[in-house]
J.: 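Below are the structure tokens for one structure; questions will follow.
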Protein chains: 2
Amino acid sequence: MKKRVTSFDVAERAGVSRSIVSAVINGTKGIGVSEEKRRIVLEAIKDLNYQVDANARGMRTGRSRCLAAYDNFESKFFLPILQGLKNVCTKEGYYILLYDSGDAEKDREGLVEMYLQRRIDGIITKDSTSFVDSDWAHEIHSRGVPYISVEGYPENNQVPSILMDYAGSIVMALDYLQERGTPPPLYIEMYTGPAYSPNWGDRQRRTSYENWMSIRGHKPQVVSVQDDSWEQCGARWVEWLRAQTLPITLLTNWSRGSINIYKAAYQLGLRVGKDLFVMAADNTEQVNEHLIPSLTAVEVPYEKMGELAAERMLEYIEGSRKLSDTSSITVSPKLMHREST
Amino acid sequence: MKKRVTSFDVAERAGVSRSIVSAVINGTKGIGVSEEKRRIVLEAIKDLNYQVDANARGMRTGRSRCLAAYDNFESKFFLPILQGLKNVCTKEGYYILLYDSGDAEKDREGLVEMYLQRRIDGIITKDSTSFVDSDWAHEIHSRGVPYISVEGYPENNQVPSILMDYAGSIVMALDYLQERGTPPPLYIEMYTGPAYSPNWGDRQRRTSYENWMSIRGHKPQVVSVQDDSWEQCGARWVEWLRAQTLPITLLTNWSRGSINIYKAAYQLGLRVGKDLFVMAADNTEQVNEHLIPSLTAVEVPYEKMGELAAERMLEYIEGSRKLSDTSSITVSPKLMHREST
DNA sequence: CTGTTAGCGCATTCAG
DNA sequence: CTGAATGCGCTAACAG
């Protein structure tokens, strides 16, 4: 078994007291360390290949320099968010501990458990757009956990969240389409489950569409469709598309909707980008750019949101922002012009 | 500041000694704990909402019950691998600490640093198929780090790795195509960089194709193409495809190749799955199933590979396998039958 | 600036 | 089974 190099060893080697070593490492202010000593210590550290023991430090300080990131691993959005978190964590010397949501009920529990056991400094969760859970907010609150929800708790400031401007994204899309000179678009709105129950983001989008159209004297045309498998609903999409007068412009809330339109067009021998124009208001499947022709969309900037989440988190942790400040941050979507429009 | 509940508190509440509490929690054998006491302790733990302090424990035991997972966050394969790691880690009470590769040089260094600082129990990296780095292997070795590479170090047992049977995947694909009754396929081989330099997996695939064809008395037909952007090379793909006699079957080493064929077919007004049959030998972009028509492929079972990596890792950590056993594991690909064939 | 000391919470050992 | 003692490596506090 290899012996660990400790700060004691470093101190000995450098011929200084251990407090100095600690002060040098942590840049502790209030302890002046002469340049001379500083250099010697640093050298000793390098010579001995010393690494602080994060456990021991954490035990003393009560902090771990670790954030917990929580989402479902099957979500395509997790990775870009992690990317964003990483961008700032790396810079600030924090690490990311993963936690997977699978069973939403049980998992929040496990998450808190992990938080407590590992003295994690803060929790960031990716929640669905309409997610609001007061119990969870209270749990977090009562334990004083620095916490940020990405996309959860919209219009609800129990919890600070990083939100996307869904209403704005539709305006952006419509302005763009208008500029391209395509016909005024129909809005294709998909929803999950048997009953029509759009989540917060989808409600934002829909009303935004309706407003935009009305203001310009166009009649809003919304088609709401249940999100079934293509086997289930393909025939109806084809039927529906066949009945439309071309050229037509279709704006879908989810990219899944656009994909269905692509499929229907494929069956009918129609050319997307020519016979009909298609645009998505998100990138649910993360495949927009790979479709043929590639799919124009306003996309959610998950990486950016991850960065903002991490930055805000560090403010909480380092104390430059009070936990009681639960204000949210709203980001703008990215307009991705591609071949389908 | 909230006071932490310690094992001391639990012991007090349960009216037993702290050693017993510890024994109950860790199931320490060699310390008989009566059912009675056991129950009382467990109850006290629940009552007080006690959570062990992983830091303190780690300090004592030298282990953290954390694994480091390393890959580039931009890789589409990272998530399924994490998924696999998680499946077994969760079950065994391990957590996953992320480490991102960006700058391959500098990052291995940072990875070791993290390993040392946080007393991580083992490192799992996702490497490229042809990755071999003896220096890194030595570093790992000399520090006695439990380590597994996913897809790295093929044909090299400096390091245990989880590999995919690339040769077998081509046989699987060709057998499948034959059974479908499509014409004997051409093999489209893409490669990165200016010069032709296939990596290990691609060499495996190519010879496997050539063998399979030869054995059956077909002339192997390999087309090697540089992996350029569609803007760069699109015209040539279209030209090439136009010159072929239909129907034709095309097997591509990467799904990117298949996508290029789709694009060319789209421009020529050809129907994939009818005028020509296309199959990919992987799922590089993770979009096979979303293409229209969906793309048949033999895919790398990354989730499974993550699971195997984690399982093997735990054997190293828990001591049921010697570190010196650097044998590798090879998994079979998944054949995904879809619409393009 | 230095040197010393006191814990942080746990697992382990050893004598009862 | 108990109770006490030890040390993991670090930081913060304090007296010099």
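Not measured: the values here are computed from a predicted model. Quick note on labels: first sequence line is chain A, next is B, and so on, each numbered from 1.
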J.: Quick one: are B:I123 and B:T125 in side-chain contact, heavy atoms under 4.5 Å?
T.: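 A side-chain contact under 4.5 Å exists here.
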J.: Per the ring-ring contact (aromatic ring centres under 6.0 Å, His included) rule, what does the pair list look like for residues 123-142 of chain B, sequence neighbours excluded?
T.: B:F131-B:Y153, B:W136-B:Y147
J.: Assign a letter to each nucleotide of nucleotides 6-11 of chain D from its 5' end: B, base within under 4.0 Å of a protein heavy atom; S, sugar-phosphate only; -, no contact.
T.: BBBBBB
J.: Among all residues two or more places apart in sequence or in another chain, which pass the side-chain hydrogen bond (donor to acceptor under 3.5 Å, both in side chains) test with A:T129?
T.: A:Y166
J.: Check the distance between C:dG9's P and A:R63's CZ and give it to me in whole angstrom.
T.: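 My rounded result for the distance is 16 Å.
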J.: Using whole Å, report how far CD of A:Q117 lies from P of C:dG9.
T.: 15 Å
J.: Sequence neighbours left out, what pairs pass ring-ring contact (aromatic ring centres under 6.0 Å, His included) with at least one residue falling in residues 92-115 of chain A?
T.: none
J.: Scan for salt bridge (charged side-chain N to carboxylate O under 4.0 Å, His left out) pairs involving residues 67-88 of chain B, sequence neighbours excluded, and state none if there are none.
T.: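 For residues 67-88 of chain B, and leaving out neighbouring residues, the salt bridge (charged side-chain N to carboxylate O under 4.0 Å, His left out) pairs sorted by first residue read A:D100-B:K86.
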J.: Going by side-chain hydrogen bond (donor to acceptor under 3.5 Å, both in side chains), name the residues that satisfy it together with A:S332, two or more places apart in sequence or in a different chain.
T.: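 So A:S332 forms no side-chain hydrogen bond (donor to acceptor under 3.5 Å, both in side chains) with any residue.
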J.: Provide, to the nearest angstrom, the distance between the CD1 atom belonging to A:I20 and the C1' atom belonging to D:dA13.
T.: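 A:I20 atom CD1 is separated from D:dA13 atom C1' by 14 Å.
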J.: Looking at residues at least two apart in the chain, or sitting in another chain, which of them share a side-chain hydrogen bond (donor to acceptor under 3.5 Å, both in side chains) with B:N87?
T.: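 Checked B:N87 against side-chain hydrogen bond (donor to acceptor under 3.5 Å, both in side chains); matches are B:E303, B:E307.
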J.: What's the angle between the local helix axes at either end of the helix from C:dC1-D:dG16 to C:dG16-D:dC1, using five pairs per end and rounding to 10 degrees?
T.: 40°
J.: With ring-ring contact (aromatic ring centres under 6.0 Å, His included) as the rule and sequence neighbours excluded, what pairs involving residues 45-83 of chain B come up?
T.: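 For residues 45-83 of chain B: B:F73-B:F78, B:F77-B:Y302.
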